[in-house]
Amino acid sequence: MLFVNFIRWIFGYSDICIIGKFPERFLTVSAKNGLNLWNLKSADGRIHARIKTERINTAIKFALKSECELEIIKKHGLPYFCGKYKYRIGLLAGLFIGTILSCFLSCFIWNIKINAPDGINEYEIRNELSSLGFHEGIIYNPEEVRSIERKLAILDGRISWVSINVSGTTSNVELSTMMNIKKNTDKKSPVSNLKSTADGTITRIKVRNGNSMVKIGEGVRKGQLLVSGIKEYTDGSSKLSDSEGEIYAKTGRQITLTIPKNTSFIPHEDEYTIKRSFIIFGIPVPITLCGTPSGKNIRIKEQKRMTLLDSDIPIKITEEKYLKYNQQNIKIEKQTAEIILNKRLELYKLFITGNSDTTILSESKQFSEKDNYFSLTVDLVTEENICEKSYVTIIE
Amino acid sequence: MRREKPNIEKGRAIAGILHSFNMTVSDNREIFFEGSKGVLEYNENSVKLNTGRCIVAFSGRGINISRMNEYGLTVSGFITSIEFIM
């Protein structure tokens, strides 16, 4: 019935009223001559009905024939709706231009949604896509999109698979990262050796498990075997074990700390300018009247996308904050540089002694002045545990 | 209880041969009438139809003809009686 009503609305229909002494006669004549009437209602000796608009003239003839009067009360349907606005050229032109514009703008991509997995920044991907020529406002070309997919996968080593799905004017970028092969650290080999982490001379040996391969006073190189997990007996048999122990050695290290003679810093200032604009279909329209301020500025840009009914629309609001700053240059004196570098050295010493079982035996400092910087070279002699566990893989 | 679907085509054919009328009554709310030769009376409470041999009168409350064409008409409303006036 809904569809029938819709068809009637498309072709147009009219509400009519039959007035006369015997309006029933009109119904009889109409029915006999194939005139379709519906929604007939009788009230106060009148009959109200609905009729197809194109059959109105026929109905009038039948009304005259049956000595009745036919009154058209109201006209409904699309032809009347259009007829109402037929002199409004602007509306028609607007409809035409709107349709053309809609078709034209549908050829572009206005929204790019990136579903970035953990470990990949959406902003980075957006920038990479932009550098490849895929940004909001480009004309949709399926071949080009496929090419960009491949280029992005090559450009970003972290990405293993990319898919750009375009639906309407929105493109969804789906990414998949390279599979991280987790090192199997849970299942450790039961056999291990201890190796040296630095060059030095052995001072103390504490081996709890394993076969010590070095002696006190012996010099060792970095990576040299200190304690072996394989113990061989005189009868030719051997025993495998997990080596444990600490081997301390006197090691030397040289560090150089530098500080430039001239440095610059940015003092904090509260003076700033805010510039707002909205971008519609890729065209920026300024909201505030201020321009880009002169002088040295730090620009903080914030962009907000407009949404309508949970879907993005191609309108973005941009806020740019320009913070004014004056860079100040400072010249560092020799004495000040020496104090700063010594403080840094103390911090370094604290770091190496605090984190591990390391003691500083001696140190020799040399402060020097170069063209652009001051430097402090320190030779440190330390005693530290140089053991590093190295597991032995057994292939059965 | 399942109501059987009325065979309208068959009824129409029989009505044509016998020059009689055919009536399909759905509850007391709607009647599809074929073979009417004219509407004699139509108001809110009754509809009288000429069939040639007799007059069929439907009476009730809120009676109206919802559709009418050369094939037949549909009378709807709260029908309380159907009368054959010979």
Quick one: does any side-chain atom of A:Ser130 pair with a main-chain N or O of A:His135 as donor and acceptor, under 3.5 Å? no
Using a 4.5 angstrom heavy-atom cutoff, name the option from B:Gly38, B:Gly72, B:Ser76 with the most pairs to chain A. B:Gly38
Bottom line for B:Leu73: the part with an atom under 4.5 Å from chain A's heavy atoms is neither
Measure A:Leu35 against the heavy atoms of chain B and call it side chain, backbone, both or neither at under 4.5 Å. backbone
Whether the side chain of B:Asn50 engages the backbone of B:Lys37 through a donor-acceptor N/O pair (distance < 3.5 Å, no angle test) should be reported. no
Under 6.0 Å between the ring centres of B:Phe33 and B:Phe21? yes
Over 60° means perpendicular and under 30° means parallel, so tell me whether A:Phe281 and A:Trp110 are parallel, tilted or perpendicular. perpendicular
Could you tell me how the ring of A:Phe6 sits relative to the ring of A:Phe3: parallel (under 30°), tilted (30 to 60°) or perpendicular (over 60°)? tilted
Just by distance, do the side chain of A:Glu122 and the backbone of A:Ala116 share a donor-acceptor pair under 3.5 Å? no
Within residues 40-59 of chain A, the residues sitting under 4.5 Å from chain B by heavy atom, in sequence order, are A:Leu40, A:Lys41, A:Ser42, A:Ala43, A:Ile47
Do A:Phe104 and A:Phe108 have ring centroids that are under 6.0 Å from one another? yes
